[in-house]
Amino acid sequence: MHHAAASTATETDSPPAISRQVARAQRREARSLFWRGWTLVQIAEEMGVKYSTLASWSRRDGWELASPIAVIDDRIEVKIAALLDKEPFTEGDMKRVDFLMRQLEKSARIRKYGETGKEGDLNERIAARNGPAAKAKREEKRRNFLTLDQWQALLDDFHAKNFAYQELWWEHRNERTRKLRKSRQVGATWYFAREALAKVAEAVLEGQGATALDEDERPRNQIFLSASERQALKFRREIVGWVRRVTGVELKGKIIMLDFVGQYPDEEGEGGEPAATGPALDPVGFYFLSTNSATAQGESGDFYFDEYAWVPNFSELNGVASAMATHKIYKKTYFSSPSIKTHASYAFWNGEDWNKGRAKGEQKPFDISLKNLRGGARMPDGSWQQSLTIHDAVAGGLGKLVDVDELRREYSEERFRNLFECEDIDDTESSFPYARISPARVNSFLKWSDFRPALIDIPGGRPFGDAPVWIGYDPNKQGRDDAALVVLAPPEDAGRGKFRVLEKHRLNGLDFQGQADFIKAVATRYNVTDIAIDTTGHGQAVFELVSHWFPMVRKIEYSVASKTALVIKGQNVFRAQRIEFDAGWSDLMAALMAIRPALTGSQKGVTYIARRNGEVGHADIAWALLNALSNEPLDAGTAHEGARGGRAIFFD
């Protein structure tokens with residue numbers, strides 16, 4: 001009984017136990033009083049808490065070391081709690097609570113800024129500017145900027161789409177000089193446009209994480225040279241289309257200037273642009289130039305010389321081009337289908353230029369045989385040269401797109417060797433030798449201000465306004481699936497002014513109705529005043545279909561006399577330099593050079609052919625042009641002179 005009574009007495013004398021929640025509230029209240037200037041003794045008397053307990057709380061929670069912002073937060077919280085417990089809770093109380101909550105939010109930003117040093121934590125507007133949505137919007141608006149992931153996607157797609165022979169070109173991308181002679185239709189323009197951008201992608205990605213890059217490791221300007229600006233812009237279209245397809249980014253500008261600001265972003269960076277952790281990269285320009293001394297100079301970088309074997313004044317232009325790559329870090333790439341052996345580029349190709357002026361003992365032969373150059377070879381001048389025939393291209397993967405046997409059937413043996421087997425043309429027997437037709441080549445993009453080729457592919461577009469044009473058409477022959485169409489602008493001053501070839505098309509695989517529909521589609525965008533169609537063989541069917549909607553269509557029946565008249569008229573126009581076409585149209589030049597005189601079957605007369613195993617035909621574009629030119633009488637060019645006579649030949 002005694003022990004039980006003692007136990008009961010002890011339990012009665014002990015202070016009652018309190019919950020953890022009450023203890024936390026007491027501790028918080030004590031801290032609040034301390035931060036308001038109360039001493040621990042005063043707090044102990046006020047709250048009935050032992051002095052030693054208060055001292056322990058202060059030491060553990062660092063009351064004396066608290067920052068001003070923590071003290072202010074505490075005062076605000078006390079005010080808010082008092083207002084929320086107030087009865088009645090008025091509209092004025094509600095506004096005070098709202099105001100105090102905003103002050104708490106501001107103090108929270110100040111506290112975060114003290115931890116991170118980021119202005120975005122202090123200013124919500126800066127935070128919004130640096131948020132993921134804002135960054136995505138800025139990247140979308142930035143001109144010609146690609147992220148590292150986008151550069152990688154381009155490089156991956158580049159290699160995935162290349163054929164084996166194109167990967168060989170890539171392996172030799174760092175050669176100081178590459179000289180390529182190649183078959184037509186092997187994707188060289190397509191490849192080198194992409195290669196130029198892929199080289200930049202490679203440099204950007206390899207620079208990731210580096211603090212600095214040597215000069216030869218940095219992205220370099222890329223320069224594309226073509227015979228005309230219209231041709232050069234094909235490179236731009238390839239690049240822009242490729243980047244759009246792979247990344248969704250639309251590159252802008254006639255000169256594409258790539259932006260590398262913040263290329264290597266720091267995820268912790270602040271400000272309007274991300275902080276850079278890698279080397280600073282200068283902007284890189286992609287320049288698309290025509291080969292004339294007024295434009296093909298002034299820039300430095302890697303250059304690509306497109307169809308260099310067809311440009312006039314090659315030696316002079318090559319000097320200008322080479323100056324753009326004077327520094328050893330820059331790379332030079334020449335690629336072209338072969339033209340003629342008398343062209344200045346042939347001496348550049350076979351080493352004659354390099355050996356010229358050297359002592360006999362220092363001269364070295366250039367082995368330009370197909371056997372030596374099939375896989376590429378080093379030349380005495382240090383360049384890497386290759387000849388790529390259609391056969392090697394097919395073996396390297398192009399067989400998915402090309403049927404060599406079909407091409408052989410379509411082209412004469414001589415034309416096939418030139419176009420697809422890298423053999424140069426002997427134009428000594430041509431009715432239209434290179435020297436005669438080369439002066440007709442112009443930079444149409446700049447010279448023809450009244451012609452807007454961009455409207456050709458736009459429905460309802462009128463690229464030449466209401467000015468008159470003539471159409472020449474050469475349909476397929478003996479059932480072969482090749483045909484050609486030319487749109488010719490006649491001179492305003494008949495007999496004296498210049499003709500201009502506005503459009504040219506080769507058609508494959510279309511039946512008669514398809515060919516007639518194509519002619520009509522072209523005619524709808526022009527004010528057509530004449531259409532001339534060769535009706536030999538299957539051309540009659542096309543002629544009849546066209547006559548339904550263009551009753552004035554002219555019929556030309558090929559014969560010895562009519563073909564002679566066509567060639568004589570064409571020679572007269574070219575000799576008088578009364579015709580112009582875009583300098584990039586080497587296929588039109590090759591077609592004209594393929595026309596040559598030959599004895600008739602009876603061996604008693606002369607006709608004109610583009611040899612195809614002894615058959616007439618297959619300089620389609622050239623014959624289409626001559627058909628159109630025949631709308632001007634033979635003597636039109638001499639009518640103004642009076643002293644000379646002439647005769648006109650008319651066709652039924």
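Predicted, not measured: the structure shown is a model, and the values here were computed from it.
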Note to self: Determine whether Glu632 and Arg578 satisfy the following criterion, salt bridge (charged side-chain N to carboxylate O under 4.0 Å, His left out), listing intermediate values before the conclusion.
What the structure shows: CA-CA 12 Å; Glu632 182 181 82; Arg578 293 185 52 229; 3.0 Å; yes

Checklist line | Stepwise salt bridge (charged side-chain N to carboxylate O under 4.0 Å, His left out) check, Lys332 with Asp302 | finding: CA-CA 6 Å; Lys332 301 180 287 185; Asp302 298 350; over 6 Å; no

Next item on the list: Report the C-alpha distance between Ser630 and Arg554 in whole Å, list the side-chain angles of each, state the deciding distance to 0.1 Å, and finish with yes or no for side-chain hydrogen bond (donor to acceptor under 3.5 Å, both in side chains).
Entry: CA-CA 10 Å; Ser630 69; Arg554 270 191 311 122; 3.2 Å; yes

Next item on the list: In sequence, state the C-alpha distance, the side-chain angles, and the governing distance for Glu503 and Tyr526, and then conclude on side-chain hydrogen bond (donor to acceptor under 3.5 Å, both in side chains).
Entry: CA-CA 11 Å; Glu503 288 189 45; Tyr526 292 100; 2.5 Å; yes

Note to self: One pair to check against salt bridge (charged side-chain N to carboxylate O under 4.0 Å, His left out): Glu544 and Lys555. What are the steps and the verdict?
What the structure shows: CA-CA 10 Å; Glu544 291 177 359; Lys555 175 190 298 187; over 6 Å; no

Next item on the list: May I have the step-by-step check of side-chain contact (heavy atoms from CB on, under 4.5 Å) for Leu168 and Gln386, ending in yes or no?
Entry: CA-CA 10 Å; Leu168 177 64; Gln386 185 195 23; 3.7 Å; yes

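Ring planes of Phe420 and Phe416: tilted class, angle from 30 to 60°.
The cationic group of Lys179 lies under 6.0 Å from the six-membered ring centre of Phe348 and within 45° of the ring axis, placing it in a cation-pi geometry. In this structure, Arg194 forms a cation-pi arrangement with Trp190, its terminal cationic atom sitting closer than 6.0 Å to the ring centre and no more than 45° off the ring axis. Taking the centre and axis of the six-membered ring of Trp354, the NZ or CZ atom of Lys364 falls outside the cone set by 45° and 6.0 Å.
In this structure the side chain of Asp392 never reaches within 4.5 angstrom of the side chain of Tyr165, judged on heavy atoms. Residues Glu307 and Ser337 meet the side-chain proximity criterion, which asks for heavy atoms closer than 4.5 Å. Residues Tyr346 and Ile340 form no side-chain contact, since every pair of their non-hydrogen atoms from C-beta on lies 4.5 Å or further apart.
The one candidate from Phe305, Trp170, Tyr304 that meets the ring-ring contact (aromatic ring centres under 6.0 Å, His included) condition with Phe192 is Tyr304. Of the options Phe286, Phe335, Tyr334, Phe288, a ring-ring contact (aromatic ring centres under 6.0 Å, His included) to Phe303 is made by Tyr334 and by none of the others. No option in Ser444, Ser290, Ser226 other than Ser444 meets the side chain to side chain donor-acceptor pair (under 3.5 Å) test with Asp582. Evaluated for a side chain to side chain donor-acceptor pair (under 3.5 Å) with His343, the options Tyr308, Trp349, Tyr434 yield exactly one hit, Tyr434.
Donor-acceptor pairing under 3.5 Å is lacking for the side chains of Ser431 and Arg596. Side-chain contact of Gln515 with Asp511: a donor-acceptor pair under 3.5 Å is absent, judged by distance alone. Using modelled atom types and a 3.5 Å distance limit, the side chains of Trp384 and Thr177 yield no donor-acceptor pair.
With sequence neighbours excluded, the residues satisfying salt bridge (charged side-chain N to carboxylate O under 4.0 Å, His left out) with Asp450 are Arg500.
Salt-bridge check for Lys447 with Glu580: passed, with a basic side-chain N closer than 4.0 Å to an acidic carboxylate O. Ion pairing between Glu175 and Arg378 holds under the 4.0 Å rule for side-chain N and carboxylate O. Ion pair Arg181/Glu421 not flagged as a salt bridge, since none of the NZ, NE, NH1 or NH2 atoms sits closer than 4.0 Å to an Asp/Glu carboxylate oxygen. No salt bridge links Glu195 with Lys331; every basic N to acidic carboxylate O contact stays at or beyond 4.0 Å. Checked for salt-bridge contact, Glu423 and Lys341 miss the test: no charged N lies under 4.0 Å from a carboxylate O. Between Lys234 and Asp306, none of the side-chain N atoms (NZ, or NE/NH1/NH2) sits under 4.0 Å from a carboxylate O, so this pair counts as no salt bridge. Between Arg184 and Asp587 there is no salt bridge, since no side-chain nitrogen of the basic residue lies less than 4.0 Å from a carboxylate oxygen of the acidic one.
Residues Asp534 and Asp474 come closest through the heavy atom pair OD2-OD1, 3.6 Å.
Open room surrounds CZ on Arg452; 12 or fewer heavy atoms of other groups in view lie less than 6.0 Å from it. Within a 6.0 Å sphere centred on NZ of Lys520, other residues, nucleotides and ligands contribute 12 heavy atoms or fewer.
Using modelled atom types, no side-chain atom of Asp493 and backbone atom of Arg496 make a donor-acceptor pair closer than 3.5 Å. Here the side chain of Ser562 pairs a donor or acceptor atom with the backbone of Ser559 at under 3.5 angstrom.
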